[in-house]
Visitor: 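Structure below; questions to follow.
Counting begins at 1 with the first residue of the sequence.
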Amino acid sequence: QVQLVESGGGSVQSGGSLRLSCAASGYTYSSHCMGWFRQTPGKEREGVAGIDSDGSTSYADSVKGRFTISQDNAKNTVYLQMNSLKPEDTAMYYCAADVTYDTCSSSWSVMQFFAYWGQGTQVTVSS
């Protein structure tokens with residue numbers, strides 16, 4: 001059974017940084033597409049960043065240059081380093097995994113592409 005556990009959320013002031021972690025278990029970590037999504041009340045969950053098995057990354061335009069997704073295969077963990085945070089980055093952040101394919105292709109921001117989800121971690125950025 002695939003399990004994803006996020007951590008690292010919290011409250012920061014505008015311009016600050018946070019690093020989210022997502023520990024994965026229950027599958028061969030080397031074959032996957034991993035994604036970070038975020039959601040605010042009343043809005044659809046949106047893709048923030050994706051990374052596939054060979055380390056290729058994709059980002060939403062709203063976070064390019066500020067967020068970095070990375071992975072540590074030895075620890076079965078994917079990270080989201082968030083710098084220069086803005087109040088509009090405030091959301092619940094979710095980690096997601098697809099273990100059917102070893103590449104995200106163009107689906108990294110599509111919720112339906114991912115079969116497995118973490119419980120979410122809250123990020124709050126104050127002005």
Visitor: Using a 6.0 Å cut-off, check whether atom CD of Gln119 has over 12 heavy atoms from anything other than its own residue.
Guide: yes

Visitor: Applying side-chain hydrogen bond (donor to acceptor under 3.5 Å, both in side chains) to Tyr93 and Arg38, what does each step give before you reach the verdict?
Guide: CA-CA 4 Å; Tyr93 283 72; Arg38 64 187 181 187; 2.9 Å; yes

Visitor: Output the distance between atom CD (Glu88) and atom OG (Ser14), rounded to the nearest 0.5 Å.
Guide: 7.5 Å

Visitor: Does Lys64 come within less than 4.0 Å of Asp61, counting only side-chain N to carboxylate O?
Guide: yes

Visitor: Taking all heavy atoms of Thr121 and all of Gly9, pick out the closest pair and write down the distance.
Guide: OG1-N, 3.1 Å

Visitor: Just by modelled atom types, is the Cys95 backbone N or O under 3.5 Å from a matching donor or acceptor in the Glu6 side chain?
Guide: yes

Visitor: Let me see the working for Phe114 and Phe37 under ring pair (Phe, Tyr, Trp, His ring centres under 6.0 Å), right down to the final yes or no.
Guide: CA-CA 11 Å; Phe114 295 91; Phe37 287 73; 5.4 Å; yes

Visitor: Between Leu20 and Met82, which heavy-atom pair has the shortest distance, and what is it?
Guide: CG-CE, 3.7 Å

Visitor: If you round to the nearest 0.5 Å, how far is CD of Gln13 from OG of Ser126?
Guide: 5.0 Å

Visitor: Could you grab the distance from atom OG of Ser56 to atom CG of Asp102, nearest 0.5 Å is fine?
Guide: 10.0 Å

Visitor: How long is the gap from OG1 on Thr40 to CD on Glu46, to the nearest 0.5 Å?
Guide: 7.5 Å

Visitor: Indicate yes or no: at least one non-hydrogen side-chain atom of Met34 is less than 4.5 angstrom from one of Leu4.
Guide: yes

Visitor: Atom CG of Asp98 and atom CH2 of Trp108: how far apart are they, to the nearest 0.5 Å?
Guide: 15.0 Å

Visitor: Any non-hydrogen side-chain atom of Phe113 less than 4.5 Å from a side-chain atom of Cys33?
Guide: yes

Visitor: Is there a donor-acceptor pair closer than 3.5 Å between any side-chain N or O of Ser105 and the backbone N or O of Ser107?
Guide: no

Visitor: Where does the angle between the aromatic ring planes of Tyr94 and Trp117 fall among parallel (under 30°), tilted (30 to 60°) and perpendicular (over 60°)?
Guide: perpendicular

Visitor: Tell me, do Thr103 and Asp54 make a side-chain contact under 4.5 Å, heavy atoms counted?
Guide: no

Visitor: Would you tell me whether Thr77 and Asp72 have side-chain atoms, one donor and one acceptor, within less than 3.5 Å of each other?
Guide: no

